[in-house]
Amino acid sequence: MSSYDVVSAYTLVIGDDSGEPTVSVHGSASAAWRELDREVRSRSRMRPRPRRAVDEESATRLASAWRAADPESRFWNVTAHRLPILLPVIARSSNQVAARTG
């Protein structure tokens with residue numbers, strides 16, 4: 001017997017006229033925004049951000065400014081997903097075990 005649980009995932013899509021877009025999937029929103037910041041800095045030949053935290057607002061400002069320089073060919077998107085996953089039941093509740101042994 002199995003049950004469903006829901007997990008969150010965040011997809012980053014970023015591209016320009018240099019070829020195929022880059023698509024990555026992240027387990028947290030902060031990881032997706034950090035990757036957006038890293039990608040934009042790399043494509044803009046900017047130095048990497050110091051180890052301090054990257055937040056959604058600063059990453060959005062940077063990515064929007066990058067896109068505004070060439071809006072016809074540059075694009076980015078961070079999308080949140082809630083994914084149902086099938087989880088096997090690995091243990092019965094104590095009530096079910098007690099009922100079987102009693």
Side-chain angles (χ1 to χ4, degrees):
M1 178 173 235
S2 300
S3 63
Y4 283 92
D5 197 2
V6 177
V7 297
S8 294
Y10 301 84
T11 304
L12 166 62
V13 179
I14 185 168
D16 54 27
D17 59 2
S18 65
E20 292 292 318
T22 300
V23 179
S24 57
V25 178
H26 305 273
S28 70
S30 62
W33 293 114
R34 212 172 19 257
E35 181 64 14
L36 175 62
D37 182 89
R38 191 193 68 71
E39 274 288 331
V40 169
R41 287 175 180 278
S42 173
R43 290 167 188 252
S44 301
R45 296 183 184 91
M46 297 172 69
R47 64 180 173 78
R49 179 177 283 277
R51 287 188 158 269
R52 67 178 188 250
V54 174
D55 62 23
E56 178 180 350
E57 187 177 316
S58 65
T60 298
R61 278 195 314 268
L62 180 64
S64 295
W66 169 77
R67 184 179 182 278
D70 189 0
E72 295 298 317
S73 65
R74 293 179 179 177
F75 59 92
W76 66 272
N77 190 326
V78 174
T79 304
H81 306 277
R82 293 186 48 82
L83 306 171
I85 58 169
L86 187 61
L87 297 176
V89 175
I90 58 173
R92 296 176 186 256
S93 72
S94 60
N95 291 341
Q96 289 176 329
V97 172
R100 286 183 53 203
T101 60

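Positions are given from 1, in the same order as the sequence printed here.
One distance of note links CG of D70 with CG of D16; it measures 8.0 Å at 0.5 Å rounding. Distance CG/D37 to OG/S42: 11.0 Å, rounded to 0.5 Å. How far CG of L36 is from CH2 of W76: 5.5 Å, rounded to the nearest 0.5 Å. The structure places CD of E35 at 4.0 Å from CZ of R38, a figure rounded to the nearest 0.5 Å.
Residues L62 and V54 fall into different hydrophobic clusters, defined by Ile, Leu, Val, Met, Phe, Trp and Tyr side chains chained together at heavy-atom separations under 4.5 Å. Hydrophobic clustering (side-chain heavy atoms under 4.5 Å, transitive across Ile, Leu, Val, Met, Phe, Trp, Tyr) groups L12 together with W66. A single hydrophobic cluster is not seen to contain both V25 and V13; linkage of ILVMFWY side chains at heavy-atom distances under 4.5 Å, directly or through other members, places them apart. Following chains of ILVMFWY side-chain contacts shorter than 4.5 Å, one can reach W33 starting from M46, so the two form part of one hydrophobic cluster.
Between R43 and I14 the shortest side-chain heavy-atom distance falls below 4.5 Å.
Each of S28, S24, S30 was evaluated against H26; a single residue qualifies, S24, per the side chain to side chain contact (heavy atoms under 4.5 Å, CB included) test.
Counting all heavy atoms, side chain and backbone alike, Y10 lies closest to A32 at CB-CB, 3.8 Å. Closest approach of F75 and P21 over heavy atoms only: CZ-CB, 3.7 Å.
In this structure a side-chain-to-backbone donor-acceptor pair under 3.5 Å is present from S64 to T60. The closest donor-acceptor contact from the side chain of S44 to the backbone of R41 lies at 3.5 Å or more, if one exists at all. With hydrogens and angles disregarded, a donor-acceptor distance shorter than 3.5 Å links the side chain of R67 to the backbone of R74.
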Inset, instruction - Let me see the working for R82 and V7 under side chain to side chain contact (heavy atoms under 4.5 Å, CB included), right down to the final yes or no. - result: CA-CA 6 Å; R82 293 186 48 82; V7 297; over 6 Å; no

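With hydrogens and angles left out, the side-chain atoms of T11 and H81 include a donor and acceptor closer than 3.5 Å.
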